Amino acid sequence: MTLAALKSPPGLNDPQLSIIGQQRLEGELHVNGAKNSALVLMAASVLSRTPIRLGNMPDLTDIGTMAKILVSLGVGFHVEGSSAVLSGDGLTRHDPSYDLTRKLRASFFLIGPLLARHGVAKVPLPGGCRIGSRPVREHNKGLQAMGASLSIEGGVVSAKVSGNRGRLQGCAVHLDCPSVGATETLMMAATLAEGDTVIRNAAQEPEVVDLAGLLKAMGARIQGAGSATIRVSGVKELHGADYAVIPDRIEAGTFLIAAAATRSRLHVTPVEPSHLNAVLAKLEELGCSISPQGQGLTITTRGQLRGCELRTQPFPGFPTDLQAPFMALLATAQGDSLVRETIFENRLQHVAELQRMGAQIRTCGNVAVLEGVPMLSGAPVTGTDLRAAAAMVIAGLAADGVTSVTGLEHLDRGYTRLEERLQAVGARISRTGAVRPALLAA
Ligand code: UD1
């Protein structure tokens with residue numbers, strides 16, 4: 001270790017949130033555009049020679065990273081207010097660098113549109129991440145079924161369409177599991193393929209429907225998005241479009257859970273309630289009341305909440321992305337709760353951090369059993385991934401005393417200026433050490 005490192009030990013100056021808990025929240029929280037939609041919609045820009053304009057874009061580090069990747073391939077990118085304009089006209093490359101793609105798993109989904117447009121793509125394998133191994137076998141299998149030859153060398157997937165004027169061939173693909181990314185990759189690839197593609201056991205997530213909405217606005221022919229069978233009839237060319245990203249159901253869910261954890265009344269808007277049915281049902285089971293109001297939902301939480309059982313599932317089941325935030329809420333719900341994570345193999349890392357705040361949790365494999373405690377107590381904790389970081393903020397808002405949360409590089413990937421927005425509804429939360437999202441810096 002060098003002397004400089006001794007003067008400033010690792011971690012000492014990490015940006016952190018300080019939260020004085022036990023404050024009731026009150027007022028309205030605005031929900032931004034959906035990160036997971038926006039990232040894939042950006043990837044779709046590669047399919048057209050004329051610009052697409054995406055409205056309601058969230059200002060997040062992940063969006064900045066995707067913009068950098070696209071720019072490195074020759075895509076034009078600029079920001080106009082809360083819209084991003086992406087122009088695939090200048091696309092010259094088909095080989096994003098590992099340096100950039102390793103920061104963003106969703107960048108692998110570019111393999112579909114790059115292959116469809118260029119007949120060739122070289123995209124680094126995304127590798128695993130903190131929540132699990134994150135395979136892409138279904139994406140690759142589907143592209144091969146559409147006529148691409150694939151090889152993996154040096155951690156990079158090289159895909160090529162030979163013959164047939166470089167066009168992929170429509171075919172029937174049955175996914176072994178309803179992977180969101182594989183469904184989106186194959187749907188984008190199929191838009192410019194020759195003939196019809198049918199994707200069975202497709203993911204039904206709202207972000208898949210949003211992508212289909214943009215692709216249709218660009219001239220694609222797609223039926224069935226949002227169901228388990230999607231049919232895409234290939235066209236020769238797609239064109240530009242003007243399209244708005246849907247509200248982020250995971251951000252909306254995070255806010256509703258924060259309101260419940262602090263026994264508060266909050267209006268969260270805009271929300272599409274059908275995107276959150278499983279979460280709303282669980283909140284009501286706990287004892288919260290939720291009512292639609294205008295474009296959003298008002299949640300009211302009074303008194304003691306009851307524990308419950310939940311398991312994460314593909315949409316329309318309970319989303320894995322809200323499992324950690326919900327566990328922070330269940331930590332103080334009366335009685336026992338049982339949480340079963342079925343999507344990712346390593347997504348209970350927040351348990352140890354919640355335990356540091358006094359939560360009573362036992363785990364066995366991917367199952368957590370919670371015995372509700374009356375109150376959590378503030379402590380220094382770390383968000384080990386994006387949603388775990390959100391869970392720590394919720395736990396801190398509910399806890400007695402001061403909680404400091406590190407791991408903000410994860411939090412900023414998915415929530416824009418979270419502390420400022422929570423301050424506006426009464427939370428006592430502040431940030432030290434600035435890490436700012438980078439949409440404008442792309
Ligand atoms: C997307 C979301 C992520 C969310 C996840 C599940 C984006 C950018 N990210 O990730 O926030 O947590 O959906 O809702 O949209 N699987 C395979 N083989 C494959 C692909 C996936 O076995 O080839 C498995 C995975 O291991 C996992 C499950 O399928 O168990 C779901 O993964 P998937 O839907 O692909 O997640 P992502 O699209 O990466």
Side-chain angles (χ1 to χ4, degrees), residues 33-44 58 60-63 65-66 69 101 103-112 123 125-145 150 152 157 173-188 199 201-212 214 225 228 245-246 248-251 253-254 275-276 278-279 311-326 340-350 366 385-391 410-411 413-415:
K35 168 182 83 80
N36 287 350
S37 259
L39 289 172
V40 186
L41 267 45
M42 289 172 81
L60 299 166
T61 48
D62 270 8
I63 297 294
T65 306
M66 185 57 126
I69 293 170
T101 56
K103 295 181 185 152
L104 183 64
R105 193 195 132 74
S107 60
F108 186 78
F109 308 168
L110 272 167
I111 193 167
V123 184
L125 278 167
C129 69
R130 286 161 197 267
I131 62 174
S133 63
R134 321 283 311 253
V136 288
R137 204 175 98 89
E138 296 303 312
H139 313 53
N140 293 347
K141 248 177 44 189
L143 294 172
Q144 280 172 316
L150 247 77
I152 301 176
V157 179
V173 179
H174 187 102
L175 299 179
D176 283 347
C177 60
S179 158
V180 178
T183 303
E184 292 169 339
T185 301
L186 298 177
M187 204 161 75
M188 287 190 277
I199 308 169
N201 197 25
Q204 301 175 38
E205 267 68 1
E207 293 76 18
V208 171
V209 180
D210 207 25
L211 175 61
L214 169 67
V245 178
I246 52 168
D248 195 317
R249 65 191 167 104
I250 305 300
E251 185 175 80
T254 304
H275 292 176
L276 276 171
V279 179
R311 64 161 59 216
T312 59
Q313 282 174 318
F315 190 84
F318 193 97
T320 175
D321 287 351
L322 285 176
Q323 179 259 109
F326 212 86
R340 204 180 288 272
E341 171 59 51
T342 74
I343 308 289
F344 292 112
E345 64 271 24
N346 195 22
R347 207 169 203 185
L348 292 183
Q349 290 182 58
H350 44 284
N366 270 336
D385 64 68
L386 165 55
R387 305 304 169 185
H410 302 301
L411 192 76
R413 289 185 42 222
Y415 299 90

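When a ligand or atom number is given, it counts from 1 through the structure's own listing order. What you are looking at is a predicted structure, and each value in this text was computed from that prediction instead of being measured.
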Atom pair CZ (Phe109) and NE2 (His139), whose distance is rounded to the nearest 0.5 Å = 4.5 Å
ask   = Which heavy atom of Ser133 sits nearest a heavy atom of Glu345, and at what distance?
value = N-OE2, 2.6 Å
note = When rounded to the nearest 0.5 Å, the distance separating CG of Asn140 from CG of Leu150 is 5.0 Å
key: Which atom of Ile63 lies closest to which atom of Pro58, heavy atoms considered   = CG1-O, 3.5 Å
message = Testing the 3.5 Å rule here: is there a donor-acceptor pair between the side chains of Glu341 and Thr320?
response = yes
task = Select all protein residues for which some heavy-atom-to-ligand 1 distance is less than 4.0 Å, and list them by chain and number.
result = Asn36, Arg105, Ala106, Phe109, Arg134, Pro135, Val136, Arg137, Glu138, His139, Cys177, Ser179, Val180, Gly181, Thr320, Asp321, Ile343, Phe344, Arg347
query = CG/Leu186 to CD1/Ile199 distance, rounded to the nearest 0.5 angstrom?
reply = 5.0 Å
